[in-house]
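Following: one structure in structure tokens, then a few remarks.
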Amino acid sequence: MKKILITGGAGFIGSHVVRLFVNKYPNYHIYNLDKLTYAGNLENLKDIEHRANYTFIKGDIVDGEFVQKLFTDNRFEGIIHLAAESHVDRSITNPMEFIFTNIIGTVNLLNAFRHIWKDGVDGKKFYHISTDEVYGT
């Protein structure tokens with residue numbers, strides 16, 4: 001069974017992506033990684049929370065050791081990265097939070113991706129939605 005990690009999956013957009021993947025791809029196991037800040041709400045996913053191909057993981061992509069262990073333990077075949085600070089008014093009041101989540105968190109995911117797939121990324125994908133870039137093949 002392929003393992004797909006979706007970051008930010010308890011947010012408005014992320015929860016719709018998680019639900020779509022859980023329902024459309026029953027042969028994939030969908031892992032939803034979310035910090036559950038002001039933007040995340042597990043009530044968005046009540047209808048799928050007990051599905052056999054779904055796992056919620058509470059965690060922060062800024063924690064590099066946590067991210068590396070998560071990747072080492074699960075060896076994901078694909079990643080959809082939706083975790084981001086995106087509220088403009090919050091960027092004015094706390095710009096460092098944006099830097100940590102949007103830059104450091106993304107780098108942590110890329111480093112973990114690179115580390116576990118160092119022998120090749122054939123068939124592996126890393127989607128970073130906010131930039132429309134795809135890493136892998």
Side-chain angles (χ1 to χ4, degrees):
M1 180 176 278
K2 285 194 174 190
K3 297 177 181 183
I4 307 297
L5 176 67
I6 300 176
T7 66
F12 177 73
I13 294 171
S15 63
H16 290 283
V17 173
V18 167
R19 182 177 299 99
L20 173 73
F21 272 70
V22 167
N23 289 325
K24 189 170 183 175
Y25 302 103
N27 294 326
Y28 286 32
H29 194 100
I30 307 304
Y31 292 81
N32 173 9
L33 173 61
D34 201 292
K35 185 178 172 182
L36 294 179
T37 63
Y38 63 91
N41 185 349
L42 290 178
E43 290 294 316
N44 295 337
L45 298 162
K46 279 290 193 193
D47 59 316
I48 63 162
E49 70 181 346
H50 297 295
R51 296 284 298 272
N53 67 328
Y54 172 72
T55 300
F56 172 74
I57 302 162
K58 185 174 194 259
D60 188 352
I61 61 172
V62 173
D63 183 345
E65 288 180 30
F66 166 78
V67 170
Q68 187 59 59
K69 182 171 179 3
L70 185 65
F71 275 63
T72 300
D73 291 350
N74 293 288
R75 316 258 332 148
F76 302 111
E77 280 87 14
I79 304 154
I80 301 173
H81 177 34
L82 302 171
E85 296 290 338
S86 60
H87 292 81
V88 174
D89 55 335
R90 294 178 66 91
S91 72
I92 294 166
T93 60
N94 192 356
M96 290 306 291
E97 191 72 26
F98 277 65
I99 290 169
F100 282 114
T101 300
N102 297 359
I103 298 172
I104 303 302
T106 300
V107 169
N108 286 340
L109 291 167
L110 288 169
N111 280 334
F113 171 95
R114 183 178 52 89
H115 177 75
I116 67 164
W117 296 330
K118 63 182 172 253
D119 296 327
V121 294
D122 292 339
K124 310 295 190 260
K125 302 239 184 262
F126 181 99
Y127 295 94
H128 187 230
I129 302 304
S130 67
T131 61
D132 293 328
E133 293 182 46
V134 177
Y135 304 90
T137 58

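For reference, positions follow the sequence shown, starting with 1. Side chains included, hydrogens not; waters and symmetry mates left out as well; all remaining heavy atoms used.
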Strictly distance-based, threshold 3.5 Å: is any side-chain N or O of [X] a donor or acceptor partner for the main-chain N or O of [Y]?
X	Y	result
Ser15	Gly9	no
Asn108	Val62	yes
Asp34	Gly40	no
Asp60	Lys35	no

With a 3.5 Å cut-off and no angle check, do the side chains of Tyr54 and Asn32 form a donor-acceptor pair? yes
Just checking, is any N or O donor in the side chain of Asn44 or Arg19 under 3.5 Å from an acceptor N or O on the other one? no
Phe12 vs His16 aromatic rings, parallel, tilted or perpendicular, using cut-offs 30° and 60°? perpendicular
Distance from [X] atom [atom1] to [Y] atom [atom2], nearest 0.5 Å?
X	Y	atom1	atom2	value
Lys58	Phe66	NZ	CZ	10.0 Å
Ile6	Leu82	CD1	CG	7.0 Å
Ile4	Asn74	CD1	CG	12.0 Å
Leu70	Leu5	CG	CG	6.0 Å
Ile104	Ile99	CD1	CD1	8.5 Å
Phe76	Ile116	CZ	CD1	7.5 Å

Kindly write out the residues that satisfy salt bridge (Lys or Arg N to Asp or Glu O under 4.0 Å) with Lys3, not counting sequence neighbours, or none if the list is empty. none
Do other residues, nucleotides or ligands put more than 12 heavy atoms under 6.0 Å from Ile13 CD1? no
I'd like to know if Met1 and Phe56 are part of one continuous hydrophobic network [Ile/Leu/Val/Met/Phe/Trp/Tyr, side-chain heavy atoms within less than 4.5 Å]. no
Identify the heavy atoms of [X] and [Y] that sit nearest to each other, and give their distance.
X	Y	answer
Gly8	Ala83	N-CB, 3.7 Å
Thr55	His29	OG1-NE2, 2.6 Å
Arg51	Val22	NH2-O, 3.7 Å
Asn41	Leu36	N-CD2, 4.3 Å
Phe71	Ala112	CG-CB, 3.5 Å

So, do Phe113 and Leu109 sit near enough that their side-chain heavy atoms are less than 4.5 Å apart? no
